[in-house]
> 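Quick one: the structure is below, and I'll ask about it shortly.
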Amino acid sequence: MRLILLGPPGAGKGTQAKILMERHSIPQLSTGDMLRAAVKAETPVGLRAKDIMARGDLVSDDVVNEIVANRIVEDDCAKGFILDGFPRTVAQAEALTKIMADAGLSLDAALELQVDEDALAARVETRRAQSGDQVREDDTVEALRHRLAVYRAQTAPLIAFYKGVGKLVSVDGMKPIDEVTADIAAALKAAA
Ligand code: AMP
């Protein structure tokens with residue numbers, strides 16, 4: 001199964017991606033995690049991405065497209081993968097279509113977690129409180145506001161993009177985690 005997860009920051013994409021990963025034995029590919037690892041390791045990509053990420057802006061399409069193109073052809077992706085946080089722009093979605101077509105792969109669904117944006121700030125506060133020392137530099141209320149603005153301007157258009165190609169599956173992401181998980185399973189089954 002090859003899936004994309006869509007939704008604003010704090011919508012629960014990472015949580016649901018990890019559950020899907022275990023259920024389907026396929027890896028979760030989070031471009032945010034891969035970029036954070038690059039920042040930590042101070043690779044050339046990481047050094048360029050550090051300040052952009054701390055501000056909550058998007059790293060350039062070319063950089064993330066290349067990371068994803070190289071990652072999805074690795075052995076552990078043979079049975080599928082869950083992309084979390086990619087694509088984030090229409091240009092990335094178009095690049096992904098091409099990357100997958102070139103590899104002879106097709107997308108099963110773009111799964112949208114629909115959330116009430118007013119509730120997201122509270123979720124980020126909870127995530128900060130639970131993360132202890134491992135707090136993310138961009139997990140502040142101001143950075144979240146900026147990330148939400150970036151999401152609305154650059155990423156939300158992907159909902160229409162995937163609807164247009166008949167791949168969009170939407171679920172209510174405001175329910176408790178296990179209900180969202182159950183709704184996702186039912187929606188993916190119905191879409192298959
Ligand atoms: P995330 O963990 O998905 O919230 O991503 C954290 C940060 O990494 C984002 O705010 C961006 O700065 C960067 N990032 C992650 N994925 C992408 C992407 N697909 N395109 C551009 N920047 C990204």
Side-chain angles (χ1 to χ4, degrees), residues 1-21 24 26-36 49 52-53 55-72 77 80-103 105-120 123-124 138 143-175 180-181 183-184 187-188 190-192:
M1 174 148 47
R2 293 175 184 88
L3 292 179
I4 288 172
L5 285 183
L6 291 175
K13 298 187 297 294
T15 303
Q16 294 300 333
K18 286 193 177 76
I19 296 169
L20 285 161
M21 166 173 97
H24 298 278
I26 51 178
Q28 168 207 14
L29 310 181
S30 155
T31 42
D33 285 350
M34 292 185 238
L35 288 166
R36 279 184 287 278
I52 299 172
M53 291 174 72
R55 282 198 305 270
D57 282 323
L58 295 184
V59 174
S60 82
D61 289 340
D62 291 350
V63 168
V64 283
N65 290 346
E66 192 180 334
I67 291 176
V68 171
N70 292 332
R71 183 66 187 84
I72 67 168
C77 294
F81 50 78
I82 305 147
L83 280 167
D84 166 12
F86 180 93
R88 251 179 162 100
T89 63
V90 171
Q92 290 179 16
E94 286 166 348
L96 179 65
T97 306
K98 184 167 186 312
I99 291 164
M100 289 185 70
D102 289 350
L105 305 172
S106 65
L107 187 71
D108 292 290
L111 186 64
E112 179 202 6
L113 293 179
Q114 295 177 320
V115 290
D116 166 11
E117 288 191 11
D118 291 337
L120 294 177
R123 278 196 183 179
V124 167
D138 59 355
L144 172 73
R145 269 202 202 105
H146 185 62
R147 284 158 69 211
L148 273 174
V150 170
Y151 174 81
R152 269 185 232 114
Q154 308 215 49
T155 311
L158 294 184
I159 293 166
F161 178 94
Y162 285 110
K163 195 171 186 181
V165 294
K167 297 285 183 192
L168 188 71
V169 172
S170 302
V171 300
D172 177 0
M174 295 309 293
K175 293 186 186 174
V180 177
T181 304
D183 289 354
I184 289 173
L188 289 177

> Do the non-hydrogen side-chain atoms of Pro27 and Arg71 ever get within less than 4.5 Å of each other?
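Heavy-atom side-chain distance check passes, below 4.5 Å.
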> As an exercise, state the distance from CZ of Phe161 to CD1 of Ile4, rounded to the nearest 0.5 Å.
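It is 8.5 Å, given to the nearest 0.5 Å.
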> To the nearest 0.5 Å, what is the distance between CD on Gln114 and CE on Met174?
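Atom-to-atom, Gln114:CD and Met174:CE are 11.5 Å apart.
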> Could you check whether atom CZ of Arg36 has more than 12 heavy atoms from other residues, nucleotides or ligands sitting under 6.0 Å from it?
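Atom CZ in Arg36 is packed in, count exceeds 12.
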> Start with the C-alpha distance between Val150 and Asp57, add both sets of side-chain angles, then the distance that settles side-chain contact (heavy atoms from CB on, under 4.5 Å), and finish with yes or no.
CA-CA 7 Å; Val150 170; Asp57 282 323; 4.0 Å; yes
> side-chain contact (heavy atoms from CB on, under 4.5 Å), that's the test. Do Thr89 and Thr155 meet it? Break it down for me.
CA-CA 5 Å; Thr89 63; Thr155 311; 5.7 Å; no
> I'd like to check Val180 versus Gln16 (side-chain heavy atoms, cut-off strictly below 4.5 Å). Are they in contact?
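The answer is yes, as the side chains (C-beta and beyond) meet within the 4.5 Å cut-off.
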> Quick one: pull up NE2 in His24 and CD1 in Ile19 and give me the separation to the nearest 0.5 Å.
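The NE2 atom of His24 sits 11.0 Å away from the CD1 atom of Ile19.
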> Hey, what do you get for CZ (Arg2) to CG (Leu105), rounding to the nearest 0.5 Å?
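These two atoms lie 4.5 Å from each other.
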> Rounded to the nearest 0.5 Å, what separates atom CE in Met34 from atom CG in Asn70?
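Result: 10.0 Å between the selected atoms.
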> Applying side-chain contact (heavy atoms from CB on, under 4.5 Å) to Leu107 and Tyr162, what does each step give before you reach the verdict?
CA-CA 10 Å; Leu107 187 71; Tyr162 285 110; 3.7 Å; yes
> Output every pair passing side chain to side chain donor-acceptor pair (under 3.5 Å) with a member in residues 164-173, not counting sequence neighbours, ordered by first then second residue.
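The answer is Glu112-Ser170.
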> Do you know which two heavy atoms are closest between Val59 and Ile52, and how far apart they sit?
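So the two residues come closest at N-CG2, 3.8 Å.
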> Restricting to non-hydrogen atoms, name the atom on Ile82 and the atom on Ala17 that form the minimum distance, rounded to 0.1 Å.
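Answer, listing the atom of Ile82 first, then Ala17: CD1-O, 3.6 Å.
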> Can you check whether Thr181 reaches Thr15 side chain to side chain, under 4.5 Å on heavy atoms?
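Side chain of Thr181 against side chain of Thr15, heavy atoms only: no contact under 4.5 Å found.
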> Looking at Glu66 and Asp62, would you say the former's side chain and the latter's main chain have a donor-acceptor pair under 3.5 Å?
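Not a single qualifying donor-acceptor pair exists.
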> Tell me the closest heavy-atom pair linking Ala91 and Asp61, and the distance in Å.
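That would be CB-OD2, 3.3 Å.
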> Are side-chain heavy atoms of Gln92 and Leu158 found at a separation under 4.5 Å?
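In short, these two side chains do not touch, never coming nearer than 4.5 Å.
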> Restricting to non-hydrogen atoms, name the atom on Leu113 and the atom on Ala11 that form the minimum distance, rounded to 0.1 Å.
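Leu113 and Ala11 have their closest heavy atoms at CD1-O, 3.7 Å.
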> Donor-acceptor pair, Lys13 side chain versus Gly7 backbone, under 3.5 Å?
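Checking the backbone N and O of Gly7 against the side chain of Lys13, a donor-acceptor pair under 3.5 Å is found.
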> How close do Val171 and Asp183 get, counting heavy atoms only, and between which atoms?
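Where Val171 meets Asp183 most closely, the heavy atoms are CG1-O, 3.9 Å.
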> Can you name the closest pair of heavy atoms from Thr31 and Gly85 and give their distance?
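Nearest heavy atoms, Thr31 then Gly85: OG1-O, 3.0 Å.
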> Between CE of Met53 and CZ of Arg147, what distance do you get to the nearest 0.5 Å?
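If I round to the nearest 0.5 Å, the distance is 9.0 Å.
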> Taking side chain as C-beta onward, heavy atoms only, is Phe86 less than 4.5 Å from Leu29?
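When only atoms from C-beta onward are counted, Leu29 and Phe86 do not touch, as no gap falls below 4.5 Å.
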> For the residue pair Ile26 and Met21, establish whether any side-chain heavy-atom pair is separated by less than 4.5 Å.
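They are not in side-chain contact.
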> Below 4.5 Å, heavy atoms only, C-beta onward: do Ile159 and Leu6 meet side chain to side chain?
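Contact flag for Ile159/Leu6 side chains = yes.
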> Applying side-chain contact (heavy atoms from CB on, under 4.5 Å) to Leu20 and Leu188, what does each step give before you reach the verdict?
CA-CA 11 Å; Leu20 285 161; Leu188 289 177; 4.2 Å; yes
> With side chains defined as the heavy atoms from C-beta onward, is the minimum distance between Leu96 and Asn65 less than 4.5 Å?
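When only atoms from C-beta onward are counted, Asn65 and Leu96 do not touch, as no gap falls below 4.5 Å.
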